[in-house]
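Have a look at the structure below, then the notes.
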Amino acid sequence: MKDLPRHKGKRKQLTDLLASKGIKNKAVLAAINNVPRHLFLESSFEEHAYQDKAFPIGADQTISQPYTVAFQSELLKTQKGHKVLEIGTGSGYQASVLVELGCKVFSIERQKELFDKTSLLLKKLNYKPYLSYGDGYKGLPTYAPFDRIIVTAGAPFIPEALKQQLKVGGIMVIPQGEGDTQTMLEIIKHADDDFEIIEHGDFRFVPLLGDKN
Ligand code: SAM
């Protein structure tokens with residue numbers, strides 16, 4: 001669990017690369033610069049951690065590409081203290097970036113193996129999002145409403161429960177589409193029945209799957 005000067009150096013290079021690719025939000029770049037991404041991968045894959053690439057994390061899942069994490073985080077326009085719901089905890093990296101941004105993070109994962117592994121890791125790293133094992137399509141009604149919702153798997157449609165659990169004035173960022181690529185959507189909730197949808201280009205995600213149970 002070491003974060004050495006060489007890791008910090010590579011992380012700074014990655015942050016500069018993301019800025020050169022168009023990420024402007026200084027708080028997002030600072031968060032990426034602070035989270036030790038190499039600790040979210042198996043130690044033998046450490047050298048891949050600061051490349052701008054997605055990477056397998058087990059259970060047929062991936063840690064998202066840093067550019068995608070930065071892009072989604074930027075679209076969320078979070079403020080300190082915001083309650084943010086993430087669907088698809090995976091490695092816990094995106095959740096940790098949101099914690100670094102000062103958000104109160106709630107995250108749902110449907111794969112038990114990843115939920116267990118990530119719960120342990122985040123405790124060790126002293127990141128403290130609320131992690132839930134379950135079906136992200138249902139959101140977390142007990143803790144709703146949320147200022148922001150981020151979905152980190154490709155959703156075939158926009159889940160109704162998530163629209164309901166978003167605060168009026170809130171933003172949901174969700175990659176939507178059933179094929180190989182999804183369109184990144186920024187959804188602004190103006191009123192209970194008034195949602196504005198802004199498209200932000202194509203991305204590639206593993207699919208948001210249905211409930212296992
Ligand atoms: N945010 C993650 C990170 O920082 O490592 C990457 C997420 S990975 C691209 C997508 C994750 O969504 C996988 O861990 C997958 O198991 C999870 N997932 C897929 N369908 C889900 C669902 N219905 N509810 C919750 N999680 C789901």
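We count ligands from 1, going down the list as the structure has it; atoms in each ligand are counted the same way.
Using a 4.0 Å cut-off between a side-chain N of Lys or Arg and a carboxylate O of Asp or Glu, Glu46 and Arg6 qualify as a salt bridge. With respect to Asp3 and Arg11, a salt bridge is recorded, a charged nitrogen being found less than 4.0 Å from a carboxylate O. Note on Glu109 versus Lys117: no salt bridge recorded, every NZ/NE/NH1/NH2 to OD/OE distance being 4.0 Å or above. Taking the charged nitrogens against the carboxylate oxygens, Lys77 and Glu186 do have a contact shorter than 4.0 Å, which makes a salt bridge.
Within the 4.0 Å heavy-atom criterion, the part of Pro207 lying near ligand 1 is the backbone and not the side chain.
Residue contact annotation: Ser107 has no non-hydrogen atom under 4.0 Å from ligand 1. Not a single heavy atom of Val69 sits less than 4.0 Å from an atom of ligand 1.
At a cut-off of 3.5 Å, with distance as the only test, no side-chain donor of Gln165 or Tyr143 sits close to an acceptor on the other residue. With 3.5 Å as the limit, one finds no donor-acceptor pair spanning the side chains of Asn126 and Lys124.
For ligand 1, none of its N or O atoms has an N or O atom of Ile57 under 3.5 Å away. Looking at ligand 1, you'll find an N or O of Leu209 within less than 3.5 Å of one of its N or O atoms. In terms of polar-atom proximity, defined here as any N/O pair under 3.5 Å, Tyr137 makes no such contact with ligand 1. For ligand 1, one of its N or O atoms has an N or O atom of Gly88 under 3.5 Å away. In terms of polar-atom proximity, defined here as any N/O pair under 3.5 Å, Glu86 does make such a contact with ligand 1.
Ring geometry, Phe71 versus Phe203: the interplanar angle falls from 30° to 60°, so the pair is classed tilted.
Within the set Gly154, Ser91, Gly58, the minimum heavy-atom distance to atom 5 (O) of ligand 1 is found for Ser91. The residue from Gln94, Glu109, Lys138, Gln72 that puts a heavy atom closest to atom 4 (O) of ligand 1 is Gln94. Ranked by closest heavy atom to atom 13 (C) of ligand 1, the top entry among Gln61, Glu113, Gln65, Gln111 is Gln61. Looking at Thr118, Thr152, Leu208 and measuring to atom 9 (C) of ligand 1, the nearest heavy atom belongs to Thr152. Distances from atom 2 (C) of ligand 1 to the heavy atoms of Thr89, Val35, Ile108, Leu41 put Thr89 nearest.
Smallest separation of non-hydrogen atoms from Tyr133 and Phe115: N-CE1, 3.6 Å.
Counting atoms of ligand 1 from 1 in the listed order, those under 4.0 Å from a heavy atom of Leu114 are 14 (O). The ligand atoms of ligand 1 that sit less than 4.0 angstrom from a heavy atom of Tyr93 are 4 (O). Taking a cut-off of under 4.0 Å to the non-hydrogen atoms of Gly136, the atoms of ligand 1 that pass are 22 (C), 23 (N), 24 (N), 25 (C). Counting atoms of ligand 1 from 1 in the listed order, those under 4.0 Å from a heavy atom of Ser64 are 6 (C), 9 (C). Atoms of ligand 1 lying under 4.0 Å from at least one heavy atom of Thr62, given by number and element, are 6 (C), 7 (C), 8 (S), 9 (C).
Annotation: cation-pi geometry not satisfied between Arg37 and Tyr50 (NZ/CZ under 6.0 angstrom from ring centroid, within 45° of ring axis).
The distance from atom NE2 of His38 to atom CG of Leu4, rounded to the nearest 0.5 Å, is 6.5 Å.
With contacts defined as side-chain heavy-atom distances shorter than 4.5 Å, the pair Lys163/Phe195 qualifies.
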